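Take a look at the structure below.
Model, not experiment: these values are computed from the prediction.
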Amino acid sequence: MYSLMDGFLKNDPISLQKDILHHVEYTVARSRFSFDDFEAYQALAHTVRDRLIERWHDTHIYFKRTKPKRLYFLSLEFLMGRSLSNSVINLGIEDQCAEALNQLGFEFEVVAEQEGDAALGNGGLARLSACQMDSLATLDYPAWGYGLRYEYGLFRQIIVDGFQHEKPDYWLNFGNPWEIERIHVTYEVKFYGTVEEVEMNGEKQKVWIPGETVEAVAYDNPIPGYGTRNTINLRLWAAKPSSKFDLEAYNTGDYINSVVNRQKAETISNVLYPDDRSHQGKELRLKQQYFFVSASLQDIMRRFKEEHTNFDELPEKVALHLNDTHPSLSIAEVMRMLVDEEHLGWHKAWDIVCKIFSFTTHTMVTDGEKIPVDLLESLLPRHLEILYEINFNFLEELKKRIGLDYSRLALLSIVEEGAMKSIRMANLAIVCSHTVNGVSKLHLERLKTKTFKDFYGLYPEKFQCKTNGVTQRRWIVVSNPGLRDLISKWLGTEAWIRDADLLSGLRDHLDNADFHLEWKMVKKVNKMRLAEYIEAFLTLSLLQVSLDAMFDVQVKRIHEYKRQLLNIFGIIHRYNCLKNMDKDSRRKVVPRVCIIGGKAAPGYEIAKKIIKLCHAVAEKINNDTDIGDLLKVVFIPDYNVSVAELVIPGADLSQHLSTAGNEASGTGNMKFLMNGCLLLATADGSTVEIIEEIGEDNLFLFGAKVHEVEKRRQKRLSNLAPLQPAKVPLHFARVLRMVRDGYFGHKDYFKSLCETVEFGFGNDYYLLTSDFGSYLEAQAAADKAFVNQDKWTRMSILSVAGSGRFSSDRTIQDYAESTWKINPCRCPL
Ligand SMILES: CCc1ccc([C@H](C)CC(=O)N[C@@H]2O[C@H](CO)[C@@H](O)[C@H](O)[C@H]2O)cc1
């Protein structure tokens, strides 16, 4: 007797094969007798999608039945990458799928390569959101992710003659099998217009009459957990012209105009802002933020009101999480809904709002996101009124606590007076949220002592640390199957895939020679894969990558504070040393392949010059037959999630060089750690906690500590005195001179880049000069350790063994228990 519970779909290879051929014929509409790798990918994707949908339905029926408190994770960015491999692994059907494809004459790896990345985000924050969704599902938490369905993801980076060029990422070109368009889940989003005061049953009520409305349509992306039937939802909104709009235009026969207006509406969710630095207060950016906030909150309130009538229950049933300040307009929007639409009194509404919001900041900067008041006045007039009232009440409260200390009041105010009157979104988020999270212990310290010092004085209890994490499903199981099998073999279980703390069990085999051998073999295979990838896109007649070389990697967004320039200066120094070395000593040198990758925000000139300098240095060194394979430099173009999945397992050493006190956390370091790659790093962000887990002698530490940085800066400024020219270490000055004098060409182009580190100009704000010495020492220590392969392998094993704490499962558990107060709600199998 067939029971509904098991669902319709079987996962044995034959059933999968049948479903694949069904989708080839009826979904992809190609003949089942002839289809190519891409069509096989589309067919398999739809076959897997069917299984996700079934679990998605069962999960949400169960949530509906058990009515748990739900978490709504609001983020403007989700860097999901590819979905096929992750989905089949989390569904536990990867072998069956590979078997089914083989019998049809296809290879799973080749088919999986056909998928493009869903790059709906910039960098750290965006990928963290994706890792956290995987953990929320795997740990059975009743959670939703809400975001925007950008038609254009993060730009594709094309390198022409060493320069970054941006190409639009139209990722939906061939459709997206991983989303379900919900044509019935649509909401109207209002913009512009005026606010009227009307009498309603004796009460003065505010009514917002919009000047323009746009339709938000939901696209659902099922997020499967690993080792559970739970499959949660990532709901992304797309903008469509509101149906109401067309009609009017038609009547007046002004057809062209209606089409133009159609386009205007859709632009809102069209493109991701490719800048992960500053907020330029652009109207489209604000429209994007309010569009996704309004649609998400209408959807959340509808779901709540389906099961509840009393808003006092909202804090028990709903947790709203702000992923940085980008969604913080939600605070004003919930106030507007509760006061203007649900007619709760202001104070009752505010009381509820302060119980449902939590906030995590991902930056160190004091002057975060600010929205110009005049922009808000025209686009969201009612929200501006509400923000003013929130601020008025807040300042009144404050005066009772700190008296008329106007300088402190001005600092804490949500409204920033002055030339460009604006709303400080971080202040709003802190005043309203019950919890304010930093993303590493050091980050929290800096928030308390610097960035939000005054707020910490006011609400010390709100400030908490949720150290970031990454999911071992994608960053070991999907991207490093060799290491996966090796760990499971020696731990004798796969339980670590759901419980990363079990990785510490690898320490029991630290001295086992067979384990060492197999460990090295896995790394070698991954290095081979990376070498093939590098050789595939680089004109490589000149460039043979030797697998005995140390693969030294720095991959992340290009930023001055991340000091890719220090890495390049280190490479030039290494080159100089090699050039001055005699044959004998060259024989003792550890060959290096230096791999750098990352995108620069399109408007970030200095970052683009760093990319060009990397290519110019590579050009010179790679074509210098004199030093042959001893040193090679590779810039990996278009670094994204799937490139990371290839690079990270193949790396021996990874670099995290941010000037201490600048990287809020960093998550790349955790991914390399989980893949047995040793770190060369500063004591910044989450690296400080990695040191706590694996010990200082299992990585290569260098540079000023966070408490030394400011002193160094002061000292440096005092060294500006013409009488005592700053003492620039010789090797640093030499390297700088080579770039300045055009040794790598483009003398004028690199001038401003050099000036960033020169005294009297940029003044080396990020302390490359004073950290250069200890940086070279750390590099030399790495060379020395690499020669002793037994020592290196031990450090590598201890890195993985100590990486359990940096699983996003631990991060999410922290959030669930101490901030969101939600409980697992596991859908019965
Ligand atoms: C357009 C404006 C903008 C500004 C900042 C941002 C992000 C907050 C920048 C970001 O990704 N920050 C990184 O967040 C990671 C996850 O917490 C941290 O590990 C990194 O240290 C932090 O730089 C995105 C977009």
Side-chain angles (χ1 to χ4, degrees), residues 1-28 40-68 70 80 82-101 108 111-112 115 118 133-145 175-185 218-236 299 303 473 477-478 497-498 824-829:
M1 180 16 227
Y2 163 77
S3 95
L4 264 180
M5 279 310 277
D6 328 346
F8 301 102
L9 304 168
K10 295 268 162 296
N11 293 325
D12 61 280
I14 299 302
S15 311
L16 285 166
Q17 219 176 89
K18 259 206 275 101
D19 291 0
I20 292 170
L21 290 174
H22 169 91
H23 281 298
V24 167
E25 195 81 27
Y26 305 111
T27 309
V28 185
Y41 156 70
Q42 289 180 301
L44 177 58
H46 279 91
T47 301
V48 174
R49 167 201 161 103
D50 298 342
R51 283 145 180 83
L52 292 176
I53 290 173
E54 207 176 72
R55 291 167 175 232
W56 190 90
H57 285 147
D58 295 356
T59 304
H60 289 85
I61 289 165
Y62 188 68
F63 287 170
K64 247 192 169 18
R65 213 175 54 226
T66 53
K67 297 185 178 43
R70 294 169 167 98
M80 304 304 285
R82 289 173 172 154
S83 291
L84 180 62
S85 300
N86 186 90
S87 300
V88 295
I89 279 169
N90 281 18
L91 292 176
I93 60 174
E94 114 206 57
D95 300 343
Q96 298 94 316
C97 288
E99 176 58 25
L101 276 179
F108 185 88
V111 167
E115 181 178 2
M133 288 301 290
D134 177 80
S135 291
L136 283 164
T138 299
L139 299 172
D140 301 315
Y141 285 112
W144 271 252
N176 171 17
W178 305 107
E179 68 180 8
I180 301 134
E181 179 178 7
R182 297 289 186 198
I183 43 179
H184 304 302
V185 182
Y219 287 76
D220 288 343
N221 301 261
I223 308 292
Y226 177 91
T228 171
R229 193 167 179 75
N230 278 38
T231 298
I232 63 175
N233 192 23
L234 171 57
R235 180 160 279 182
L236 302 178
D299 196 41
R303 193 172 298 112
R473 269 78 62 187
V477 184
V478 171
I497 300 178
R498 281 177 63 85
C825 182
R826 187 178 177 84
C827 167
L829 281 181

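- Classification of Glu54 and Arg49 as a salt-bridged pair fails, no side-chain N sitting under 4.0 Å from a carboxylate O.
- Both cation-pi conditions hold for Arg182 and Trp56: the charged atom is under 6.0 angstrom from the six-membered ring centre and inside a 45 degree cone around its axis.
- Looking at Asn86 and Arg473, their side chains never bring a donor and an acceptor atom within 3.5 Å of each other.
- Residues Trp144 and Leu234 form no side-chain contact, since every pair of their non-hydrogen atoms from C-beta on lies 4.5 Å or further apart.
- Between Asp140 atom CG and Ile232 atom CD1 the span is 9.5 Å, to the nearest 0.5 Å.
- Here the closest heavy-atom approach between residue Ala100 and residue Ile20 is recorded as CB-CD1, 4.2 Å.
- Between the side chains of Asp50 and His23, at least one donor-acceptor pair of N or O atoms lies under 3.5 Å.
- With rounding to the nearest 0.5 Å, the separation of CD in Gln17 from CD1 in Ile14 is 5.0 Å.
- Using modelled atom types, one side-chain atom of His46 and one backbone atom of Gln42 make a donor-acceptor pair closer than 3.5 Å.
- The closest donor-acceptor contact from the side chain of Thr138 to the backbone of Tyr226 lies under 3.5 Å.
- Partners of Glu94 according to the side-chain contact (heavy atoms from CB on, under 4.5 Å) rule, which considers only residues two or more places apart in sequence or in another chain, are Val88, Ile89, Arg484.
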Problem - Pair Asn230-Thr59, side chain to side chain donor-acceptor pair (under 3.5 Å): steps then yes or no - result: CA-CA 5 Å; Asn230 278 38; Thr59 304; 4.6 Å; no
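- Taking every heavy atom of both residues into account, Gly227 and Arg498 meet most closely at O-NH1, 3.5 Å.
- Residue Val28 comes nearest to Ala43 through the heavy atom pair CG2-N, 3.9 Å, listed as atom of the first residue, atom of the second, then distance.
- Not a single salt bridge (Lys or Arg N to Asp or Glu O under 4.0 Å) links Lys67 to another residue, sequence neighbours left out.
- One finds the OG1 atom of Thr228 at 10.5 Å from the CG atom of Leu91 (value rounded to the nearest 0.5 Å).
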Problem - Intermediate values then yes/no, side chain to side chain contact (heavy atoms under 4.5 Å, CB included), Cys825 and Tyr141 - result: CA-CA 6 Å; Cys825 182; Tyr141 285 112; over 6 Å; no
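- A distance of 9.5 Å separates CZ of Arg235 from CD1 of Ile180, quoted to the nearest 0.5 Å.
- Counting heavy atoms from C-beta on, the side chains of Asp134 and Pro224 never come closer than 4.5 Å.
- Put simply, the side chain of Glu115 gets close to the backbone of Leu84: a donor and an acceptor are under 3.5 Å apart.
- The shortest side-chain heavy-atom distance between Tyr62 and Pro142 does not fall under the 4.5 Å cut-off.
- The existence of a salt bridge linking Asp19 and Arg51 is confirmed by a sub-4.0 Å separation between a basic side-chain nitrogen and an acidic carboxylate oxygen.
- Arg55 contributes atom CZ, which lies 10.5 Å from atom OG of Ser87 (distance to the nearest 0.5 angstrom).
- Residues Ser85 and Phe108 are in side-chain contact: their nearest non-hydrogen atoms beyond the backbone lie under 4.5 Å apart.
- A distance of 9.0 Å separates CE of Met133 from CG of Asn221, quoted to the nearest 0.5 Å.
- The heavy-atom pair separating Tyr41 from Trp178 by the smallest distance is OH-NE1, 3.0 Å.
- No side-chain heavy atom of Thr231 sits less than 4.5 Å from a side-chain heavy atom of Ile223.
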Handout entry: Verdict with reasoning, Tyr219 to Glu179, per side chain to side chain donor-acceptor pair (under 3.5 Å)
Key = CA-CA 6 Å; Tyr219 287 76; Glu179 68 180 8; 5.6 Å; no
Exercise for the section: Give the intermediate values and the outcome of side chain to side chain donor-acceptor pair (under 3.5 Å) for residues Ser15 and Asp12. Expected result: CA-CA 5 Å; Ser15 311; Asp12 61 280; 2.3 Å; yes
Exercise for the section: Report the C-alpha distance between Arg70 and Arg303 in whole Å, list the side-chain angles of each, state the deciding distance to 0.1 Å, and finish with yes or no for side chain to side chain contact (heavy atoms under 4.5 Å, CB included). Expected result: CA-CA 10 Å; Arg70 294 169 167 98; Arg303 193 172 298 112; 4.0 Å; yes
